[in-house]
Amino acid sequence: MSTLTVVDHPLLKRDLTLLRRRETTHGQFRQIVAEAAAILAYEALRDLAVEPIPIETPLEPTTGYRVAEEIVVVPILRAGLGMVDGFVRFVPEARVGHLGMQRDERTKQPVDYYSNIPGGIEAARVFVVDPMLATGGSAVQAIHHLKAHGARRFTFVCLIAAPEGIRALQEAHPDVRIVTAAIDRGLDENAFIRPGLGDAGDRIFGTGG
Ligand SMILES: O=P(O)(O)OC[C@H]1O[C@H](OP(=O)(O)OP(=O)(O)O)[C@H](O)[C@@H]1O
Ligand SMILES: O=c1cc[nH]c(=O)[nH]1
Ligand SMILES: [Mg+2]
């Protein structure tokens, strides 16, 4: 079974509180999502492989380290886009793929509308980012799609997960590590996470009225 990490950090608790609050503007929301994503990235990248390299300080030769793995970050559009900058600030060499998916409001099933996956993904560490893991349908389908492109090593990074989404993702893809800032109570009749933060995409981009 995959590992599930709930990142416990005081700044993340503060950020999540601001994201949940109704009165937070979309400008503030976007900035806070990026900051929270950076804190999550710090934890998600904890086991990144590094290799020793010889370097010279101004005083003498010594041994340094460089990242020894290919990294691919894949946001699930739209809302996942809000997490990319926070994530890649630690790994500027990462490639970024894009997967466009939108939940059908009636069926709650994800509908694919875009895919652009970088080559060489077979050997890469793939970090799929999306603020919300609700039913899990979007995450499950995204990872099926990436596996069909040859990807093998995954971490799914989100801000808020519902227990239903965690179960669905773990059942469909037991090999995928999940990193989240919070696990909420559950889904409502519209498959929205409660207490949640509302529609993440609309709140990041200022859409939805
Ligand atoms: O776990 P699920 O039940 O699949 O729900 C989660 C998905 O719903 C939201 O995207 P949405 O479909 O609202 O698209 P958007 O990012 O364009 O707003 C969210 O960003 C996830 O991708
Ligand atoms: O609570 C939810 C569920 C799906 N998508 C969101 O943006 N929020
Ligand atoms: Mg949305």
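Remember, it's 1-based here, ligands and their atoms both numbered in the order they're listed. Note that the structure is a prediction, hence the values are computed from the model and not measured.
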### Task
Examine Asp199 and say whether one of its N/O/S atoms is closer to the Mg ion (ligand 3) than 2.8 Å.
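So Asp199 does bind the Mg ion (ligand 3) by this criterion.
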Would one find an N or O of [X], backbone or side chain, under 3.5 Å from an N or O of ligand 1?
| X | result |
| --- | --- |
| Ile76 | no |
| Asp202 | no |
| Tyr113 | no |
| Ala134 | yes |
| Lys108 | no |

Does a sphere of radius 6.0 Å around [atom1] in [X] hold more than 12 heavy atoms from other residues, nucleotides or ligands, not counting ones at 6.0 Å or beyond?
| X | atom1 | value |
| --- | --- | --- |
| Glu51 | CD | yes |
| Glu164 | CD | yes |
| Tyr42 | OH | no |
| Arg14 | CZ | yes |
| Arg95 | CZ | no |

With a 4.5 Å cut-off on side-chain heavy atoms, are [Y] and [X] touching?
| X | Y | answer |
| --- | --- | --- |
| Val91 | Leu45 | yes |
| Leu40 | Thr180 | no |
| Val129 | Val73 | yes |
| Arg20 | Ile160 | yes |
| Phe156 | Ile76 | yes |
| Pro75 | His98 | yes |

For [X], atoms of ligand 1 separated by under 4.0 Å from a heavy atom:
| X | result |
| --- | --- |
| Leu77 | 16 (O) |
| Asp199 | 13 (O), 18 (O) |
| Gly201 | 18 (O) |
| Ala79 | 16 (O), 20 (O) |
| Gly136 | 1 (O), 2 (P), 3 (O) |
| Gln102 | 12 (O), 14 (O) |

### Task
Name the option, out of Asp130, Ile204, Leu99, that contains the heavy atom nearest to atom 20 (O) of ligand 1.
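Checking each option, the heavy atom nearest atom 20 (O) of ligand 1 is found in Asp130.
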Shortest protein contact, [atom] (heavy atom only):
| atom | answer |
| --- | --- |
| atom 3 (O) of ligand 1 | Thr135 OG1, 2.5 Å |
| atom 4 (O) of ligand 1 | Ser138 OG, 2.6 Å |
| atom 17 (O) of ligand 1 | Arg78 NE, 2.9 Å |
| atom 12 (O) of ligand 1 | Arg103 N, 2.7 Å |
| atom 6 (C) of ligand 1 | Met132 O, 3.5 Å |

### Task
Report yes or no: does His173 contribute a side-chain atom to a donor-acceptor pair with the main-chain N or O of Val140 at less than 3.5 Å?
yes
### Task
Using a strict cut-off of under 4.0 Å between a residue heavy atom and any atom of ligand 2, list the qualifying protein residues by chain and number.
Arg103, Met132, Ala134, Ala191, Phe192, Ile193, Gly198, Asp199, Ala200
### In one Ile/Leu/Val/Met/Phe/Trp/Tyr side-chain cluster, 4.5 Å: Ile204, Phe87
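Ile204 and Phe87: one cluster.
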### Message
Looking at atom 9 (C) of ligand 1, tell me if a protein heavy atom falls under 4.0 Å from it.
### Response
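It does not; no protein heavy atom is within 4.0 Å.
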### Query
Between Tyr114 and Arg78, is there a cation-pi geometry (under 6.0 Å to ring centre, at most 45° from the normal)?
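Judged by the rule, Arg78 and Tyr114 form no cation-pi pair.
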### Task
Just jot down the salt bridge (Lys or Arg N to Asp or Glu O under 4.0 Å) partners of Arg106, sequence neighbours excluded, or say none.
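In terms of salt bridge (Lys or Arg N to Asp or Glu O under 4.0 Å), with neighbours along the sequence ignored, Arg106 is linked to no residue.
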